[in-house]
Novice: 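What follows is a structure written as structure tokens; I'll ask about it next.
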Amino acid sequence: ALTISRLGLVCPGETGKHLEHFAKAWCESLTKTAQNEHPREVEMAFRGLCGVVPKRPQAMRSAPIFVALCEALASFKPPSQELHSMVK
């Protein structure tokens, strides 16, 4: 999840091309990461996710992927003000 997130920070368009194929697993992994990693790493990971999703939002439309996204976002507390703004 952290590697994909870093790619999302650097090249969100390229990372998002096949988002529907890995989005659910990525979000599920971020949920676990939010509970176990250093807050700075988690913040970076969610910034990567927030950079990729707007490039291909239609990939997040299926119910299982959308639920995984919501669970991932809810798992990271407290987000920075900037990340909070990105999620809005």
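These numbers were taken from a predicted model, which means no experiment stands behind them.
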Novice: Run the ring pair (Phe, Tyr, Trp, His ring centres under 6.0 Å) test against Phe22 and tell me which residues pass, sequence neighbours left out.
Specialist: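 Once residues adjacent in sequence are excluded, the partners of Phe22 under the ring pair (Phe, Tyr, Trp, His ring centres under 6.0 Å) criterion are Trp26.
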Novice: If the condition is side chain to side chain donor-acceptor pair (under 3.5 Å), which residues does Glu43 pass it with, not counting sequence neighbours?
Specialist: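 Expected list: Arg47, Ser80.
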Novice: Using a 6.0 Å cut-off, check whether atom CD of Gln58 has over 12 heavy atoms from anything other than its own residue.
Specialist: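 For Gln58, atom CD is crowded (more than 12 foreign heavy atoms under 6.0 Å).
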Novice: Rounded to the nearest 0.5 Å, what separates atom OG1 in Thr3 from atom CG in Leu7?
Specialist: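 Thr3 OG1 to Leu7 CG: 7.0 Å, rounded to 0.5 Å.
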Novice: Sequence neighbours left out, what pairs pass salt bridge (charged side-chain N to carboxylate O under 4.0 Å, His left out) with at least one residue falling in residues 51-72?
Specialist: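 Sorted pair list: Glu20-Arg56.
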Novice: Might you work through the side chain to side chain contact (heavy atoms under 4.5 Å, CB included) test for Leu69 and Leu49, ending with a clear yes or no?
Specialist: CA-CA 9 Å; Leu69 173 65; Leu49 176 69; 3.7 Å; yes
Novice: To the nearest 0.5 Å, what is the distance between CD on Glu14 and NE2 on His18?
Specialist: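 These two atoms lie 8.5 Å from each other.
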Novice: Report yes if some heavy atom in the side chain of Thr33 is under 4.5 Å from a heavy atom in the side chain of Glu41; otherwise report no.
Specialist: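 Not touching, per the 4.5 Å side-chain cut-off.
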Novice: List for me each residue that meets salt bridge (Lys or Arg N to Asp or Glu O under 4.0 Å) alongside Lys32, sequence neighbours excluded, and say none if there are none.
Specialist: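 Applying salt bridge (Lys or Arg N to Asp or Glu O under 4.0 Å) to Lys32 gives none.
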Novice: Working to the nearest 0.5 angstrom, can you tell me the gap between Glu28 CD and Ser75 OG?
Specialist: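 Reported to 0.5 Å precision, the distance equals 11.5 Å.
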Novice: Might you point out which heavy atoms bring Ala45 and Ser5 nearest each other, and give the distance in Å?
Specialist: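 For Ala45 and Ser5, the tightest heavy-atom pair comes out as O-OG, 3.2 Å.
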Novice: What distance separates Phe66 CZ from Cys27 SG, expressed to the nearest 0.5 Å?
Specialist: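 Separation between the atoms: 10.5 Å.
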Novice: Transitive ILVMFWY cluster of Met44 at side-chain heavy atoms under 4.5 Å: who else is in it?
Specialist: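 ILVMFWY cluster around Met44 also holds Leu2, Leu9.
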Novice: Between Val52 and Gly16, which heavy-atom pair has the shortest distance, and what is it?
Specialist: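 That would be CG1-CA, 3.6 Å.
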Novice: Quick one: list whatever passes side chain to side chain contact (heavy atoms under 4.5 Å, CB included) with Pro64, sequence neighbours left out.
Specialist: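 Pro64 satisfies side chain to side chain contact (heavy atoms under 4.5 Å, CB included) with Lys24, Ser62 once adjacent residues are dropped.
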Novice: Evaluate side chain to side chain contact (heavy atoms under 4.5 Å, CB included) for Phe76 paired with Leu30, printing each intermediate quantity in order.
Specialist: CA-CA 9 Å; Phe76 182 44; Leu30 285 176; over 6 Å; no
Novice: What are the two closest non-hydrogen atoms of Pro54 and Pro57, and how far apart are they?
Specialist: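 In terms of heavy atoms, the two residues are closest at O-CD, 3.3 Å.
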Novice: If you compare all heavy atoms of Ala68 against all heavy atoms of Thr31, which two are closest, and at what distance to 0.1 Å?
Specialist: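 Between these two residues, the closest heavy atoms are O-OG1, 4.4 Å.
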